[in-house]
2 protein chains.
Amino acid sequence: MSISAKPTASPSSDTTASAHDRVYRALRARIMYGDIAPGEALTLRGIGREFGVSMTPARESLRRLVAEGALSLSSSGRVTTPELSNERIEELAALRALLEVELSSRALPRAHMALIDRLHSINVTIAEMVSKRDAVGYIRTNLEFHRTLYLRAQAPAMLAMAETVWLQLGPTMRALYGRLRRTDPPQNHRLIIAALKAGDEPGLRLAVRSDVTQGLRLLVV
Amino acid sequence: MSISAKPTASPSSDTTASAHDRVYRALRARIMYGDIAPGEALTLRGIGREFGVSMTPARESLRRLVAEGALSLSSSGRVTTPELSNERIEELAALRALLEVELSSRALPRAHMALIDRLHSINVTIAEMVSKRDAVGYIRTNLEFHRTLYLRAQAPAMLAMAETVWLQLGPTMRALYGRLRRTDPPQNHRLIIAALKAGDEPGLRLAVRSDVTQGLRLLVV
DNA sequence: AGGGTGGGTTTGTGATCACAGCATAGGCCA
DNA sequence: TGGCCTATGCTGTGATCACAAACCCACCCT
């Protein structure tokens with residue numbers, strides 16, 4: 001039975017031996033980076049078959065993702081990726097603004113030149129993803145930009161909450177970036193970097209708020 | 001085997017037939033309202049025995065609580081209620097301030113007289129709990145005060161995040177209210193109600209922030 | 001007497017199975 | 001020909017079991 005293992009997931013990050021954790025990480029990345037469309041259904045046996053595990057670890061990883069709001073659970077127990085209402089999207093955008101403005105503000109006094117260089121280089125990668133029309137790559141790199149900045153805030157609980165919001169917005173973000181077709185240079189990211197260099201806290205808060213809010217605004221139909 | 005069911009949990013809210021959900025709800029309430037001390041260990045078979053279920057639902061509810069940050073998972077898989085560091089407590093307090101100030105601000109334009117009456121009556125119950133030295137009852141009623149207000153904000157995702165923070169602080173809050181021995185009338189709650197009546201948004205924000213922050217400040221050793 | 005080490009016990013992990021609910025697709029009847 | 005109804009598969013739920021690792025405590029060696 002163990003021959004049927006089909007590791008179609010990413011071959012990286014196999015340091016943990018735990019089966020449910022491996023499944024969880026793979027699914028989480030898929031959802032957060034928009035690899036799954038809203039409304040898609042996931043079945044226990046299907047997940048188990050794909051990752052070569054039994055129903056038990058599949059169920060654990062699915063329920064963990066449900067607990068984090070990444071998947072929604074119907075009354076009959078069926079698990080699907082959620083289709084967010086406009087009110088929910090606006091709320092999550094407000095949450096992003098609230099949390100990420102605070103995180104960036106806390107990161108500001110700790111932002112050295114090495115961090116700014118790193119952010120700049122991530123920005124270059126984002127531009128590449130945009131020109132390649134790679135939606136998933138764009139989302140992943142964009143979030144990496146934010147995570148790199150917020151890691152300096154030394155606020156793990158707050159960062160975890162922000163990532164939970166990203167996770168909830170994942171499937172919807174794909175729909176967004178699949179829709180917008182203009183080659184959008186990360187203008188707000190440049191404003192963020194400039195404010196970091198200048199030590200300008202109000203400017204930084206404004207830039208982060210704009211960056212977080214403007215993309216989601218297009219999504220509200 | 002099913003005879004060993006000992007429903008020591010609350011007899012209410014048994015509308016759901018799902019076993020793991022029943023266990024989850026009971027444990028969540030215990031943790032959030034400070035019924036379990038920090039550092040206590042929970043075992044799968046122990047939970048199962050107590051609720052008269054097998055290991056499967058016990059495991060699901062425990063892992064869900066771990067996913068929500070209510071319990072911490074050691075490297076060997078043992079589940080305990082977390083002992084929070086001072087930095088973590090300060091971070092969670094900041095998170096409470098951030099989220100709950102926003103929630104109260106959104107609830108303000110929707111706050112009618114009926115809500116204010118209800119808040120006042122909850123406040124009376126809080127005073128009773130204080131005089132009875134009932135720590136768990138105090139925490140539960142205090143959170144009910146906040147939840148009642150925030151429900152008017154019509155922001156379910158934001159409220160869910162706030163409740164997650166309460167959950168993480170639960171075991172620690174018990175340690176706090178077990179320590180403070182003064183009969184503390186809910187002064188800040190009266191300020192909140194006054195600001196609601198007057199439609200005074202800056203005052204409301206300040207009162208909520210004070211109420212949320214001051215209690216946790218005592219806790220930082 | 002103290003510290004390391006052995007075994008017995010307890011723990012989480014994952015697989016498998018029986019079962020009940022549901023959804024769908026096909027057939028059946030008017 | 002159209003609408004209803006049943007049957008079959010597929011789904012999640014929960015119980016049980018085998019197994020390996022961790023833990024604990026007593027015992028033994030130095």
Side-chain angles (χ1 to χ4, degrees), chain A residues 1-7 9 13-28 36 39-83, chain B residues 1-7 9 13-28 36 39-83:
Chain A
M1 287 304 246
S2 60
I3 315 169
S4 70
K6 293 190 292 185
S13 72
D14 281 348
T15 53
T16 348
S18 171
H20 72 262
D21 210 61
R22 186 166 44 89
V23 176
Y24 164 77
R25 259 189 255 273
L27 289 179
R28 179 185 144 104
I36 310 185
E40 219 170 302
L42 277 66
T43 68
L44 257 35
R45 290 169 178 86
I47 298 292
R49 212 177 309 126
E50 177 178 352
F51 289 92
V53 297
S54 85
M55 287 168 54
T56 311
R59 175 153 42 154
E60 281 195 44
S61 48
L62 249 45
R63 305 218 63 130
R64 180 167 174 191
L65 289 164
V66 169
E68 289 172 352
L71 296 172
S72 75
L73 185 68
S74 92
S75 63
S76 67
R78 312 299 251 277
V79 169
T80 59
T81 134
E83 306 187 70
Chain B
M1 286 303 246
S2 60
I3 314 167
S4 71
K6 292 190 292 184
S13 73
D14 281 346
T15 54
T16 348
S18 170
H20 71 262
D21 210 62
R22 185 166 45 88
V23 177
Y24 164 76
R25 259 189 256 273
L27 289 178
R28 180 186 142 104
I36 310 184
E40 219 170 302
L42 278 67
T43 68
L44 256 35
R45 290 170 178 86
I47 298 292
R49 211 177 309 125
E50 176 177 353
F51 290 91
V53 296
S54 84
M55 287 168 55
T56 311
R59 173 152 46 151
E60 282 195 42
S61 48
L62 248 46
R63 307 222 57 134
R64 180 166 174 191
L65 289 164
V66 168
E68 289 172 353
L71 296 170
S72 76
L73 185 70
S74 90
S75 63
S76 66
R78 312 300 252 274
V79 170
T80 60
T81 133
E83 306 186 72

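In what follows, chains are A, B, ... by sequence order, proteins preceding strands, each numbered from 1. Atom set for the values below is all heavy atoms of this structure, side chains included, hydrogens, waters and symmetry mates excluded.
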- Of all residues at least two apart in sequence or in a different chain, which pass the side-chain hydrogen bond (donor to acceptor under 3.5 Å, both in side chains) check with T80(A)? S72(A)
Scan nucleotides 7-13 of chain C against the protein and return all N/O pairs shorter than 3.5 Å with their distances rounded to 0.1 Å.
unit_1, atom_1, unit_2, atom_2, d
dG12(C), OP1, L44(B), N, 3.4
dG12(C), OP2, L44(B), N, 3.0
dG12(C), N7, R45(B), NH1, 3.0
dG12(C), O6, R45(B), NH2, 3.2
dT13(C), OP1, R63(B), NH1, 3.2
dT13(C), OP2, R63(B), NH1, 3.0

Considering non-hydrogen atoms only, spot the tightest contact between [X] and [Y] and give its length.
{"X": "A58(A)", "Y": "V53(A)", "value": "N-CG2, 4.5 Å"}
{"X": "L27(B)", "Y": "L65(B)", "value": "CB-CD1, 3.6 Å"}
{"X": "T56(B)", "Y": "R59(A)", "value": "CG2-NH2, 3.7 Å"}

- Any salt bridge between R64(A) and D21(A), counting N to O under 4.0 Å? yes
- Message: Check this one for me: any side-chain N or O of T56(A) less than 4.0 Å away from OP1 or OP2 of dG14(C)?
- Response: no
